[in-house]
Amino acid sequence: ARSLFDQFQASMTRHLAMEEEVLFPAFESHTGMTSGPTQVMRMEHTQMRDLLQEMDKAVAASNQAGYLGLSETLNMLMQQHNLKEENMLYPMSDRVLGSVRDSLIHDMEARTS
């Protein structure tokens with residue numbers, strides 16, 4: 001459980017960093033919107049990080065019931081978050097960042113944490 005959770009947490013951390021350090025700043029720079037969709041996404045990322053920290057504690061304590069409850073909450077949050085990204089943020093990003101898409105993808109893939 002520890003090994004698999006560590007892999008999941010590392011993947012989530014990398015994904016959130018790619019968006020927060022590359023995609024969101026580029027989107028905000030090109031649109032001038034800093035309190036719109038990226039602000040909501042950042043708040044949800046914080047919630048996800050908090051849940052991941054609590055899940056990490058549950059794994060360390062071998063608290064299966066606690067872990068499962070937290071994972072259900074994270075799953076619901078991620079589903080809602082993904083819908084917003086896929087239906088709003090990503091299409092908007094495609095429209096305004098299309099000319100720099102390859103560069104952004106390269107920069108995001110270069111993120112290790």
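These figures come from a predicted structure and were not determined experimentally. Reckoned from all heavy atoms, side chains included, excluding hydrogens, waters and symmetry mates.
Distance check: Phe24 CZ to Thr34 OG1 gives 13.0 Å after rounding to the nearest 0.5 Å. Separation of atoms CG (Leu77) and CG (Asp50) is listed at 10.5 Å; rounding is to 0.5 Å. Between Leu16 atom CG and Arg49 atom CZ the span is 4.5 Å, to the nearest 0.5 Å. Between the CG atom in Leu51 and the CE atom in Met12 there is a gap of 9.5 Å [rounded to 0.5 Å].
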Could you go through residues 66-74 and list every donor-acceptor pair under 3.5 Å that involves a side-chain atom there, pairing it with any protein atom two or more places apart or in another chain?
unit_1	atom_1	unit_2	atom_2	d
Ser71	OG	Tyr67	O	3.3
Ser71	OG	Leu68	O	2.8
Thr73	OG1	Gly69	O	3.2

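For Arg95, there are no salt bridge (charged side-chain N to carboxylate O under 4.0 Å, His left out) partners at least two apart in sequence or on another chain. Taking the side chain to side chain donor-acceptor pair (under 3.5 Å) definition, one finds that Thr38 meets it with Glu28, sequence neighbours left out. In this structure Glu54 satisfies the salt bridge (charged side-chain N to carboxylate O under 4.0 Å, His left out) test together with Lys57, sequence neighbours excluded. For Ser29, the side-chain contact (heavy atoms from CB on, under 4.5 Å) test picks out no residue, with sequence neighbours left out. In this view, Asp56 and Arg2, Phe5, Asp6, Gln9 satisfy the side-chain contact (heavy atoms from CB on, under 4.5 Å) rule, not counting sequence neighbours. Every residue meeting the salt bridge (charged side-chain N to carboxylate O under 4.0 Å, His left out) condition with Glu44, not counting sequence neighbours, appears here in chain and number order: Lys84. Judged as a ring pair (Phe, Tyr, Trp, His ring centres under 6.0 Å), and not counting sequence neighbours, the contacts of His81 are His45.
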Before you tell me yes or no, could you show the steps for Leu23 and Met18 under side-chain contact (heavy atoms from CB on, under 4.5 Å), namely the whole-Å CA-CA distance, both residues' side-chain angles and the distance that decides it to 0.1 Å?
CA-CA 7 Å; Leu23 179 62; Met18 289 188 319; over 6 Å; no
Take Glu21 and Arg42, measure what salt bridge (charged side-chain N to carboxylate O under 4.0 Å, His left out) needs, and give me the verdict at the end.
CA-CA 11 Å; Glu21 296 171 12; Arg42 282 187 177 99; over 6 Å; no
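For the side-chain hydrogen bond (donor to acceptor under 3.5 Å, both in side chains) condition, no pair includes a residue of residues 97-107, sequence neighbours left out. A salt bridge (Lys or Arg N to Asp or Glu O under 4.0 Å) check over residues 73-82, counting only residues at least two apart or in different chains, returns nothing.
Met108 and Met92 fall within the same hydrophobic cluster, defined by Ile, Leu, Val, Met, Phe, Trp and Tyr side-chain heavy atoms under 4.5 Å apart, directly or through other members. Cluster membership for Met48 and Val22, using ILVMFWY side-chain heavy atoms within less than 4.5 angstrom, is not shared. With hydrophobic clusters built from ILVMFWY side chains whose heavy atoms lie under 4.5 angstrom apart, Leu104 shares a cluster with Met33.
A side-chain donor-acceptor contact under 3.5 Å links His30 to the backbone of Ala26.
A 4.5 Å side-chain heavy-atom check between Glu19 and Glu85 finds at least one atom pair inside the cut-off. You'll find the side chain of Asn82 stays beyond 4.5 Å of the side chain of Tyr90, heavy atoms only. Contact of the Met41 side chain with the Leu89 side chain is registered, since non-hydrogen atoms from C-beta on lie closer than 4.5 Å.
Across every non-hydrogen atom of Pro37 and Met88, the tightest pair is CB-CE, 3.8 Å.
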